[in-house]
Participant: 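I'd like to ask you about the structure that follows.
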Amino acid sequence: MAVAVRGGRGSSIGGGSGAGSTFRNFFSYRVFVSAMFTLLFLATLSVLFSSHPSHHDDDDSVILTSGNAYVQRTFLALNSDPLKTRVDMIYRQANDHIALVNAYAAYARNLKLEISKQLKMFDDLANNFAELQLKPNYRNALFESDGPIDEDVLRQFEKEVKDKIKVARSMIGESKESYDNQLKIQKLKDTIFAVNELLVKAKKNGAFTSLIAAKSTPKSLHCVAMRLMEERIAHPDNYVDEDPKPEFEDPTLYHYTIFSDNVIAVSVVVNSAVKNAKEPWKHVFHVVTDKMNVAAMKVWFKMRPVEGGAHVEIKSVEDFPFLNSSYVPVLRQLESANLQKFYFENSAENATKDVNNMKFRNPKYLSMLNHLRFYLPEMYPKLHRILFLDDDVVVQKDLTALWRIDMDGKVNGAVETCFGSFHRFAQYMNFSHPLIREKFNPKACAWAFGMNIFDLDAWRREKCTEQYHYWQNLNEDRTLWMLGTLPPGLMTFYSTTKSLDKSWHVLGLGFNPSISMDEINNAAVIHFNGNMKPWLDIAMNQYKHLWTKYVDSDMIFVQMCNFGM
């Protein structure tokens, strides 16, 4: 394939700088012409694809023949002869292809012109070398003289030859890329490598900024919490703690537990569960938060009592004195200097080194709120069953059937998440570790935290909390799994989990845009797991309304803080 080198019109090959400039002008001209013909080609395609077949009548159509045919049709053509319509379609297709052929012909003529210019440039350069030797002063003094050679003439001849060699090398060097396929391939590889480096860097930066957006507290959410605290301080007599209700320990009722520091998210979970419950007065919600947000939680549910007579208990982690560093491995590990360095020193720099493991550097994975789920029998010693709900779920149906499921002696009732080779144990644990390889099957199916029915009596019998402590203590150096609560959950309840029907719990609304609405509508609980939480600006719009319809928009502080819905 011949490709033109740089050149220009009216160039003088005899001069080095002039030839180089002309050479560059030629290539600029070629790029301009190529761009123009590319636009012509695209315009032609636009004509082809924008044409719609329609009928025409001889009296109502006008055919203009100025190169290409233009056919104007009217609605009267609906009653025309079908054969005429067929002729019209064939005629139009032929003219469309004539336009396409003309476009390619024009490009071919232009390419031929460029190649001829290139050929003339190299011919002129070769002729200039030959003409230099035929100059009378050089021929007489250097090539045909029998006497001594004039050094000044030789020096002048050498200078002119070197100037022309410089121009020749420049032209050959710039055109070599067009003719040398190996050089083209190497340059393409270099370009791909450079672009890939930029892509990796962009992915790292994008993942890190996405993580910041996902894990930061929105201004409106923080505003609501602060307004609730202000209300508590301004009117302390209205929010005196009441004595525990007997319903909080009544095992005949339906008990839920929610661990969160997000007051609006908790209210959505409670509201959605109550509004879809057949007998809301039989439902008890145990909400546990941190010390900073417990007052705000209490004020919210005092100002906005739950409908239907449902019961809400608000506690902080500190209300359970057995949760201390001498008993809880996570709290003890938080005191480790190595772990603090992993999480809190140069976190931004460390996080961007590995996009895949960036999320595991979030300190929330060592938050006690995330690990409370492993202490349910001790937190609620008088209960037999309890339903654990994450704060990013929405309840869409009555859930009381979960308390009547036959657990077959199992501890944990959960929806499995594996399909094909995805979401197997091998994805969550380090099976190169001999202990993991010995105890677990890498192909075992994983399940989801977020909606779990726990048989607390079976839990106590199987001593699951002790199992959790065993594995958590072994993983202080993060060699068994990369933190989080799902891997130790999979290990703790490895042989004591009962699989529930998938319609109980549909996941992925915080990261997967392709979940079908039929699947969502049939689900008892939908889960916004992932970074795109429904209370964030980065939430997926096609799912967000499923959450916002349960937000208490009449609450005065939600309005004052402009909580986005």
Participant: Could you report the tightest heavy-atom contact between H505 and M451, atom names first, then the distance?
Facilitator: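 Smallest interatomic distance, heavy atoms only, reads CE1-N, 3.5 Å.
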
Participant: Is K302 atom NZ crowded by more than 12 heavy atoms from other residues, nucleotides or ligands, each under 6.0 Å away?
Facilitator: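 No, because the 6.0 Å sphere around NZ of K302 holds 12 heavy atoms or fewer from other groups.
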
Participant: How about Y550 and W535: are their ring centres within less than 6.0 Å of each other?
Facilitator: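 Ring centres of W535 and Y550 not closer than 6.0 Å.
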
Participant: In terms of ring plane angle, is the pair F449 and F454 parallel, tilted or perpendicular, where the classes change at 30° and 60°?
Facilitator: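 The rings of F449 and F454 sit tilted, inter-plane angle from 30° to 60°.
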
Participant: Please report the interatomic distance CE(M555) to CZ(R304), rounded to the nearest 0.5 Å.
Facilitator: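 It is 6.5 Å, given to the nearest 0.5 Å.
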
Participant: Can you tell me how far apart CG (N324) and CE (M368) are? Round to the nearest 0.5 Å.
Facilitator: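 The CE atom of M368 is 10.0 Å from CG of N324, to the nearest 0.5 Å.
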
Participant: Can you confirm whether L546 sits close enough to L509 that some side-chain heavy atom of one is under 4.5 Å from a side-chain heavy atom of the other?
Facilitator: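 A side-chain contact exists here, since the closest heavy-atom pair is under 4.5 Å.
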
Participant: With a 4.5 Å cut-off on side-chain heavy atoms, are F493 and C464 touching?
Facilitator: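 Touching, per the 4.5 Å side-chain cut-off.
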
Participant: Does any N or O in the side chain of N293 come within less than 3.5 Å of the main-chain N or O of D290, such that one atom is a donor and the other an acceptor?
Facilitator: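 Not confirmed, N293 side chain does not pair with D290 backbone.
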
Participant: Taking all non-hydrogen atoms of both residues into account, name the closest pair between D457 and L383 and its distance.
Facilitator: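 Looking at all heavy atoms of both residues, the shortest contact is OD1-O, 4.4 Å.
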
Participant: Is the backbone of G510 close enough, under 3.5 Å, to the side chain of N512 for a donor and an acceptor to pair up by distance?
Facilitator: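 The answer is no, because no donor-acceptor pair under 3.5 Å joins these two groups.
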
Participant: Do I405 and K498 have side-chain heavy atoms sitting under 4.5 Å apart?
Facilitator: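 Yes; the side chains approach each other to less than 4.5 Å.
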
Participant: For the pair T492 (side chain) and G489 (backbone), establish whether a donor and an acceptor sit closer than 3.5 Å, ignoring hydrogens and angles.
Facilitator: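 Looks like no, no N/O pair under 3.5 Å.
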
Participant: Within a radius of less than 6.0 Å around CE of M292, do more than 12 heavy atoms belonging to other residues, nucleotides or ligands occur?
Facilitator: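 Not more than 12 within 6.0 Å, no.
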
Participant: Does any part of the side chain of I436, heavy atoms only, come nearer than 4.5 Å to the side chain of F425, both counted from C-beta?
Facilitator: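 Not in contact.
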
Participant: For residues E279 and Y254, is any side-chain donor paired with an opposing acceptor at under 3.5 Å?
Facilitator: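 E279 vs Y254: no donor-acceptor pair found between side chains.
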
Participant: Taking the side chain from Q396 and the backbone from I520, do they hold a donor-acceptor pair closer than 3.5 Å?
Facilitator: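 Present.
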
Participant: Test D390 against N529 for side chain to side chain contact (heavy atoms under 4.5 Å, CB included), laying out the working first.
Facilitator: CA-CA 9 Å; D390 265 340; N529 59 310; over 6 Å; no

Participant: Compare every heavy atom of L372 with every heavy atom of M379, then report the nearest pair and how far apart it is.
Facilitator: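 Where M379 meets L372 most closely, the heavy atoms are SD-O, 3.8 Å.
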
Participant: Less than 4.5 Å apart, side chain to side chain, heavy atoms only: is that true for N441 and Y494?
Facilitator: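 Sidechains of Y494 and N441: in contact.
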
Participant: Side chains of D455 and V411, heavy atoms from C-beta outward: is any pair under 4.5 Å?
Facilitator: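 Side-chain contact under 4.5 Å: no.
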
Participant: Could you check whether the rings of F440 and W471 sit parallel, tilted or perpendicular, using 30° and 60° as the cut-offs?
Facilitator: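 Taking W471 first and then F440, their aromatic rings sit tilted (interplane angle of 30° to 60°).
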
Participant: Any salt bridge between D398 and K278, counting N to O under 4.0 Å?
Facilitator: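 Salt bridge absent between D398 and K278.
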
Participant: Could you pull out the closest heavy-atom pair between N473 and P329, with the gap in Å?
Facilitator: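 Smallest interatomic distance, heavy atoms only, reads OD1-CB, 3.4 Å.
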
Participant: Please say which of Y375, W459, Y470 ends up in a side-chain hydrogen bond (donor to acceptor under 3.5 Å, both in side chains) with T465.
Facilitator: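 Filter result, single survivor: W459.
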
Participant: About how many Å separate OG1 of T191 and CG of N196, when rounded to the nearest 0.5 Å?
Facilitator: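 Spacing of CG (N196) from OG1 (T191) equals 12.5 Å.
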
Participant: Is it the case that the side chain of K533 and the backbone of F528 share a donor-acceptor pair, with hydrogens and angles ignored and the cut-off at 3.5 Å?
Facilitator: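 Yes: the side chain of K533 pairs with the backbone of F528.
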
Participant: Between L486 and W481, does the side chain to side chain contact (heavy atoms under 4.5 Å, CB included) criterion hold? Intermediate values first, please.
Facilitator: CA-CA 10 Å; L486 182 56; W481 70 86; over 6 Å; no

Participant: What orientation do F320 and F322 show, parallel under 30°, tilted 30 to 60°, or perpendicular over 60°?
Facilitator: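 Plane angle over 60°, so perpendicular.
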
Participant: Looking only at heavy atoms, which two atoms of V274 and P280 are closest? And how far apart?
Facilitator: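 Closest approach of V274 to P280, heavy atoms only: CG1-CB, 3.8 Å.
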
Participant: Would you call the rings of H286 and Y380 parallel, tilted or perpendicular, taking 30° and 60° as the class edges?
Facilitator: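 Aromatic pair H286/Y380 classed tilted.
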
Participant: Any side-chain donor paired with an acceptor under 3.5 Å for N262 and S260?
Facilitator: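 Short answer, no.
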
Participant: Show, in sequence, the C-alpha distance, side-chain angles and deciding distance for N412 and W447, and conclude whether the side chain to side chain contact (heavy atoms under 4.5 Å, CB included) test is met.
Facilitator: CA-CA 10 Å; N412 171 34; W447 42 266; 3.4 Å; yes

Participant: Any sub-3.5 Å donor-acceptor pair from Q333's side-chain atoms to Q472's backbone N or O?
Facilitator: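 Pair found, side chain donor or acceptor close to backbone of Q472.
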
Participant: Tell me whether Y468 contacts the main-chain N or O of H371 through its side chain, where contact means a donor paired with an acceptor under 3.5 Å.
Facilitator: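 Here the side-chain-to-backbone pair does not exist.
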
Participant: Show the nearest heavy-atom pair for residues S272 and V269, with the distance to one decimal.
Facilitator: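 That closest heavy-atom pairing would be OG-O, 2.9 Å.
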
Participant: Between V558 and D552, is there a side-chain heavy-atom distance shorter than 4.5 Å?
Facilitator: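 No - every pair of side-chain heavy atoms lies 4.5 Å or more apart.
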
Participant: What is the distance from atom CG of L490 to atom CZ of R424, rounded to the nearest 0.5 Å?
Facilitator: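 Those atoms lie 12.5 Å apart.
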
Participant: Quick check, are the ring centers of H469 and Y327 under 6.0 angstrom apart?
Facilitator: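 For H469 and Y327, the ring centres are under 6.0 Å apart.
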
Participant: First locate atom CZ of R227, then atom CE of M560, and finally report the distance between them rounded to the nearest 0.5 Å.
Facilitator: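 Between atom CZ of R227 and atom CE of M560 there are 3.5 Å.
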
Participant: Give the intermediate values and the outcome of side chain to side chain donor-acceptor pair (under 3.5 Å) for residues S516 and D518.
Facilitator: CA-CA 5 Å; S516 71; D518 287 341; 5.5 Å; no

Participant: Check the surroundings of atom CD in E307: do more than 12 heavy atoms from other residues, nucleotides or ligands lie under 6.0 Å from it?
Facilitator: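 12 or below, so no.
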
Participant: Quick one: pull up CG in N430 and CE in M482 and give me the separation to the nearest 0.5 Å.
Facilitator: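 So the CG of N430 and the CE of M482 are separated by 10.0 Å.
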
Participant: May I have the step-by-step check of side chain to side chain contact (heavy atoms under 4.5 Å, CB included) for D241 and K298, ending in yes or no?
Facilitator: CA-CA 9 Å; D241 291 340; K298 290 181 177 180; 3.3 Å; yes

Participant: Hey, does Y239 have a side-chain heavy atom less than 4.5 Å from the side chain of M303?
Facilitator: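 Counting from C-beta outward, M303 and Y239 do come under 4.5 Å.
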
Participant: Look only at the side chain of T289 and the backbone of V294, and say whether a donor-acceptor pair between them is shorter than 3.5 Å.
Facilitator: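 Side chain of T289 to backbone of V294, a donor-acceptor pair under 3.5 Å: no, none is there.
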
Participant: For the pair R461 (side chain) and G409 (backbone), establish whether a donor and an acceptor sit closer than 3.5 Å, ignoring hydrogens and angles.
Facilitator: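 Yes; judged by distance alone, with no hydrogens or angles, the pair exists.
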
Participant: Is the backbone N or O of H384 less than 3.5 Å from a side-chain atom of H255, with the two atoms forming a donor-acceptor pair by type?
Facilitator: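 No.
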
